[in-house]
**Q** 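Okay, here's the structure, questions in a sec.
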Amino acid sequence: MREENCIFCKIANGEIPSATVYEDDGFRVILDMGPASKGHALILPKSHFKDICAADAQTAAGLLPLAAKIGSAMKAGLGASGFNVVQNNGTSAGQTVFHLHVHVIPRYDGGPKIVAWEPGKAEPDELARTAAKISAVL
Ligand code: 5GP
Ligand code: ZN
């Protein structure tokens with residue numbers, strides 16, 4: 001399953017060269033060309049899915065264990081002290097390439113600083129109402 005004109009299909013399948021850190025039958029892991037920190041990697045399934053909702057069960061199940069393996073290698077190989085696993089779905093969530101991918105971003109003591117969300121405030125009744133709206137459509 002490939003999509004014509006998809007840059008990540010071409011990279012994942014080796015048509016376009018990339019700084020590859022890992023490859024198996026299902027995935028290629030490359031370095032992001034605009035890294036948030038040194039070693040910022042992208043896990044690319046070799047098959048095309050536009051986002052996590054479109055992925056088949058085998059692909060979805062492979063992503064998190066692979067992210068853990070890559071993150072551990074960043075700690076052992078790059079001296080990272082932690083890492084973030086980030087996966088964007090949809091434009092409003094920051095997705096810019098519409099081929100499923102998972103970011104693995106090594107974090108180092110001393111930076112760089114990477115801005116995440118600002119924690120908000122919510123009362124328990126509001127949390128309960130919001131939870132009910134999601135569970136109702138599961
Ligand atoms: P998104 O915002 O869709 O979650 O992430 C897309 C990521 O892919 C960005 O961090 C961007 O820097 C990276 N990226 C986009 N095009 C290329 C490319 O051609 N090569 C590499 N190595 N990274 C890319
Ligand atoms: Zn693709």
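We count ligands from 1, going down the list as the structure has it; atoms in each ligand are counted the same way. Values reported hereafter were calculated over all heavy atoms of this structure, with side chains retained and with hydrogens, waters and symmetry mates removed.
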**Q** Under 6.0 Å between ring centres, would you say that holds for H99 and H101?
**A**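 Judged by ring-centre distance (under 6.0 Å), H99 and H101 do not meet the cut-off.
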**Q** Which ligand 1 atoms, with their elements, are less than 4.0 angstrom from a heavy-atom of I30?
**A**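 The atoms of ligand 1 under 4.0 Å from a heavy atom of I30 are 22 (N).
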**Q** Does this structure show an ion pair linking K46 with E23, if we count only N-O contacts that are shorter than 4.0 Å?
**A**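 Answer for the salt bridge query: yes.
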**Q** I would like to know whether H103 and L42 meet side-chain contact (heavy atoms from CB on, under 4.5 Å); could you show each step before the answer?
**A** CA-CA 5 Å; H103 298 255; L42 300 172; 3.3 Å; yes
**Q** Within a radius of less than 6.0 Å around NZ of K10, do more than 12 heavy atoms belonging to other residues, nucleotides or ligands occur?
**A**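 Yes, the 6.0 Å shell around NZ holds more than 12 heavy atoms from other groups.
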**Q** Counting only heavy atoms not in L64, do more than 12 sit closer than 6.0 Å to its CG atom?
**A**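 Result for CG/L64: open.
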**Q** Hey, which of D24, L66, V104, L44 is the one that makes side chain to side chain contact (heavy atoms under 4.5 Å, CB included) with V29?
**A**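 It is L66; the other options fail the test.
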**Q** Shortest non-hydrogen contact from P106 to K38?
**A**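 For P106 and K38, the tightest heavy-atom pair comes out as CG-O, 3.1 Å.
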**Q** Checking the N or O distance criterion of under 3.5 Å, is ligand 1 in contact with D32?
**A**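 Yes, at least one N or O pair falls under 3.5 Å.
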**Q** Please determine whether the number of non-hydrogen atoms from other residues, nucleotides or ligands lying under 6.0 Å from atom CG of D109 exceeds 12.
**A**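 No.
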**Q** Can you tell me the N, O or S atom of H99 that's nearest the Zn ion (ligand 2)?
**A**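 Within H99, restricted to N, O or S, the Zn ion (ligand 2) is closest to atom ND1.
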**Q** Of all the atoms in ligand 1, which lie at a distance below 4.0 Å from a heavy atom belonging to H103?
**A**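 Counting from 1, the qualifying ligand atoms are 1 (P), 4 (O), 5 (O), 7 (C), 10 (O).
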**Q** When you measure from the heavy atoms of G94 to every atom of ligand 1, does any distance fall below 4.0 Å?
**A**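 Distance cut 4.0 Å: G94 passes for ligand 1.
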**Q** Pick one of side chain, backbone, both or neither for how I11 approaches ligand 1, counting any non-hydrogen atom pair under 4.0 Å.
**A**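 Side chain only; the backbone of I11 stays clear of ligand 1.
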**Q** Classify the contact between V86 and ligand 1 as side chain, backbone, both or neither, using a heavy-atom distance cut-off of under 4.0 Å.
**A**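 Under 4.0 Å from ligand 1, V86 contributes no heavy atoms.
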**Q** I'd like to know if H101 contacts ligand 1, where contact means a heavy-atom distance under 4.0 Å to any ligand atom.
**A**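 Within the 4.0 Å threshold, so yes.
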**Q** Given the Zn ion (ligand 2) as the apex, I'd like the angle to ND1 of H48 and SG of C9, rounded to 10 degrees.
**A**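 It comes to 110°.
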**Q** Could you tell me, atom by atom, which parts of ligand 1 come under 4.0 Å of a heavy atom of N88?
**A**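 So the atoms of ligand 1 that pass are 1 (P), 2 (O), 4 (O).
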**Q** If you measure from each heavy atom of L31 to ligand 1, is any distance below 4.0 Å?
**A**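 The answer is yes: ligand 1 sits under 4.0 Å from a heavy atom of L31.
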**Q** Report the part of T96 (side chain from C-beta onward, or backbone N, CA, C, O) that has a heavy atom under 4.0 Å from ligand 1; answer both or neither where that applies.
**A**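 Both backbone and side chain.
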**Q** Distance alone, cut at 3.5 Å: any donor-acceptor contact between the side chains of N5 and E3?
**A**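 Result is no, nothing qualifies.
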**Q** Among all the protein's non-hydrogen atoms, which is closest to atom 14 (N) of ligand 1, and how far away is it?
**A**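 Among all protein heavy atoms, the one nearest atom 14 (N) of ligand 1 is F8 CZ, 4.0 Å.
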**Q** Considering only the protein, which heavy-atom contact is closest to atom 24 (C) of ligand 1, and what is its distance?
**A**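 The answer is M33 CG, 3.6 Å.
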